[in-house]
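If you read the sequence from its start, that first residue is 1, and numbering goes on from there.
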Amino acid sequence: MKQADFEMQKSVLMGEALLFGLLGKALYGDPDKAWLETLIAEDVFAEVPFGAEQAEVKLGLELLQRWSSENQGGISEAAFKEIKQDQLLLFIGLDKVLAPVWESVYFNQNRLVFQEQTLQVREWFSRFGLQIERLNREPDDHIGLELSFMAHLASLALHALSEDDVQKFEDILQAQREFLSQHLLRWGPPWARLVVEHARTDYYRGLAHLAHGALLAIAGQLEIELPKEVSL
């Protein structure tokens, strides 16, 4: 591989790992006030390391920058309560979960978790050395975990590139293509649209646009034909 191509691939993979890792952490688990304030203090949403040309990414950054500016002096208890309430209504639900975060829900009429897709995702994780902390106690196919898995694959590809292991590098890129086509690209965009529709805060609306844009960007980067989406 030519040096110029090597540096370009390295830059792309580092960007993927950083952006998908950030999205995975932001969307998995409960909001952490100290971590959110760190994101604001470090101006994390000023730009992105991957997918900056995507319209969805630009819109997501605009919303997240506005949210950051409004909370520049620290997140008030009232503002943090709004984020926690938004997360509760969107992803956990009172009467109804507005934007389910588990893939299998999108593939069966009864909106059940721990279905075929959960086990498929678990197999993918295991194949690349991962196992969720709460195995069998929570579904493996959480949007945050799947986005983090993309970051993991990007990091593995980056390592293979640094070791000049061309075959392993190509195998990991192919794994990204397959996982995206079979899983994230089928339900990630519909999930993001539900969040945008129902979210009450710029924080979660922004994250949804950003995640949607990141998926479109990596599909373009890997030359993936967008699969048919599912919807609830």
Side-chain angles (χ1 to χ4, degrees), residues 1-29 35 39 42 44-45 47-54 56-57 60-61 101 103 116-135 139-189 191-192 207 210-227:
M1 183 181 293
K2 295 180 180 178
Q3 185 63 28
D5 293 336
F6 174 86
E7 292 299 330
M8 183 183 71
Q9 286 281 10
K10 179 181 176 182
S11 176
V12 168
L13 289 168
M14 288 179 66
E16 286 178 20
L18 289 169
L19 181 55
F20 282 98
L22 173 66
L23 289 167
K25 182 173 175 58
L27 293 166
Y28 181 69
W35 185 68
L39 296 182
E42 296 181 355
V44 167
F45 300 117
E47 57 184 356
V48 287
F50 177 75
E53 72 288 349
Q54 283 288 335
E56 286 285 327
V57 168
L61 284 181
V101 287
E103 179 181 347
E116 179 182 356
Q117 289 73 27
T118 311
L119 298 179
Q120 290 172 353
V121 169
R122 181 179 299 178
E123 289 176 3
W124 271 102
F125 289 178
S126 178
R127 176 179 163 189
F128 290 91
L130 298 179
Q131 177 178 294
I132 69 170
E133 186 174 334
R134 301 181 63 190
L135 188 67
D140 307 61
D141 54 348
H142 188 289
I143 187 70
L145 294 174
E146 292 195 19
L147 291 168
S148 293
F149 181 56
M150 294 309 301
H152 179 67
L153 290 180
S155 295
L156 292 178
L158 189 61
H159 180 72
L161 192 64
S162 68
E163 295 291 318
D164 202 24
D165 191 335
V166 177
Q167 186 59 58
K168 186 175 182 181
F169 172 73
E170 292 295 342
D171 288 347
I172 295 171
L173 292 192
Q174 184 58 29
Q176 283 188 316
R177 292 187 187 98
E178 292 177 9
F179 186 79
L180 285 161
S181 297
Q182 296 169 15
H183 296 282
L184 264 174
L185 286 174
R186 295 190 65 196
W187 77 283
W191 165 83
L207 286 178
L210 192 56
H212 191 178
L215 290 174
L216 294 176
I218 197 170
Q221 177 66 31
L222 295 173
E223 301 181 336
I224 301 171
E225 182 178 350
L226 294 177

Can I get a per-line list of side-chain donor-acceptor pairs under 3.5 Å for residues 126-133, giving both atom names and the distance, sequence neighbours left out?
none

Nearest heavy-atom neighbours spanning [X] and [Y]:
X      : Y      : value
Ile172 : Ala160 : CD1-CB, 4.5 Å
Ala211 : Leu147 : CB-CD1, 4.5 Å
His142 : Leu27  : CE1-O, 3.1 Å
Ala154 : Leu13  : CB-O, 3.7 Å
Gly188 : Leu215 : CA-CD1, 4.0 Å
Ala217 : Phe50  : CB-CE2, 3.6 Å

- Any donor-acceptor pair under 3.5 Å linking the side chain of Arg177 with the backbone of Leu222?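 Between the backbone of Leu222 and the side chain of Arg177 there is a qualifying donor-acceptor contact (under 3.5 Å).
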- Is the side chain of Ser148 donor-acceptor paired with the backbone N or O of Gly144 at a distance under 3.5 Å, no angle test?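 Such a contact is found between Ser148 side chain and Gly144 backbone.
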- Message: Would you say His183 and Glu103 are linked by a side-chain donor-acceptor pair, where the criterion is simply a distance under 3.5 Å?
- Response: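 Their side chains do contain a donor-acceptor pair, which is all the 3.5 Å distance test asks for.
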- Does one side chain, of Asp141 or Thr118, offer a donor that lies under 3.5 Å from an acceptor on the other?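 A pair is found: one side chain offers a donor N or O, the other an acceptor, under 3.5 Å apart.
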Roughly how far, to the nearest 0.5 Å, is [atom2] of [Y] from [atom1] of [X]?
X      : Y      : atom1 : atom2 : value
Leu161 : Glu170 : CG    : CD    : 10.0 Å
Leu210 : Gln54  : CG    : CD    : 11.0 Å
Met150 : Ile218 : CE    : CD1   : 4.0 Å
Leu158 : Glu163 : CG    : CD    : 10.5 Å
Trp187 : Glu146 : CH2   : CD    : 5.5 Å
Leu185 : His212 : CG    : NE2   : 9.0 Å

Donor-acceptor pairs under 3.5 Å, side chain of residues 14-23 to any protein atom, not counting sequence neighbours: which ones?
| unit_1 | atom_1 | unit_2 | atom_2 | d |
| --- | --- | --- | --- | --- |
| Glu16 | OE1 | Gln176 | NE2 | 3.2 |

- Message: Once you measure the plane-to-plane angle for Phe125 and Phe179, does it fall in the parallel (<30°), tilted (30-60°) or perpendicular (>60°) bin?
- Response: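 Because their plane-to-plane angle lies in the 30° to 60° range, the rings of Phe125 and Phe179 count as tilted.
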- Item | Evaluation steps, side-chain contact (heavy atoms from CB on, under 4.5 Å), between Leu184 and Ile143 | CA-CA 8 Å; Leu184 264 174; Ile143 187 70; 3.7 Å; yes
- Query: Where do Leu173 and Leu153 land on the side-chain contact (heavy atoms from CB on, under 4.5 Å) test, with the steps shown first?
  - Reply: CA-CA 8 Å; Leu173 292 192; Leu153 290 180; over 6 Å; no
- Message: Pair Val101, Tyr28 - check side-chain contact (heavy atoms from CB on, under 4.5 Å), show working.
- Response: CA-CA 9 Å; Val101 287; Tyr28 181 69; over 6 Å; no
- Could you please spell out the steps behind the side-chain contact (heavy atoms from CB on, under 4.5 Å) verdict for Gln174 and Glu178? CA-CA 6 Å; Gln174 184 58 29; Glu178 292 177 9; 3.3 Å; yes
- Query: Considering only heavy atoms from C-beta outward, does the side chain of Leu226 approach that of Ile224 to under 4.5 Å?
  - Reply: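 Counting from C-beta outward, Leu226 and Ile224 never come under 4.5 Å.
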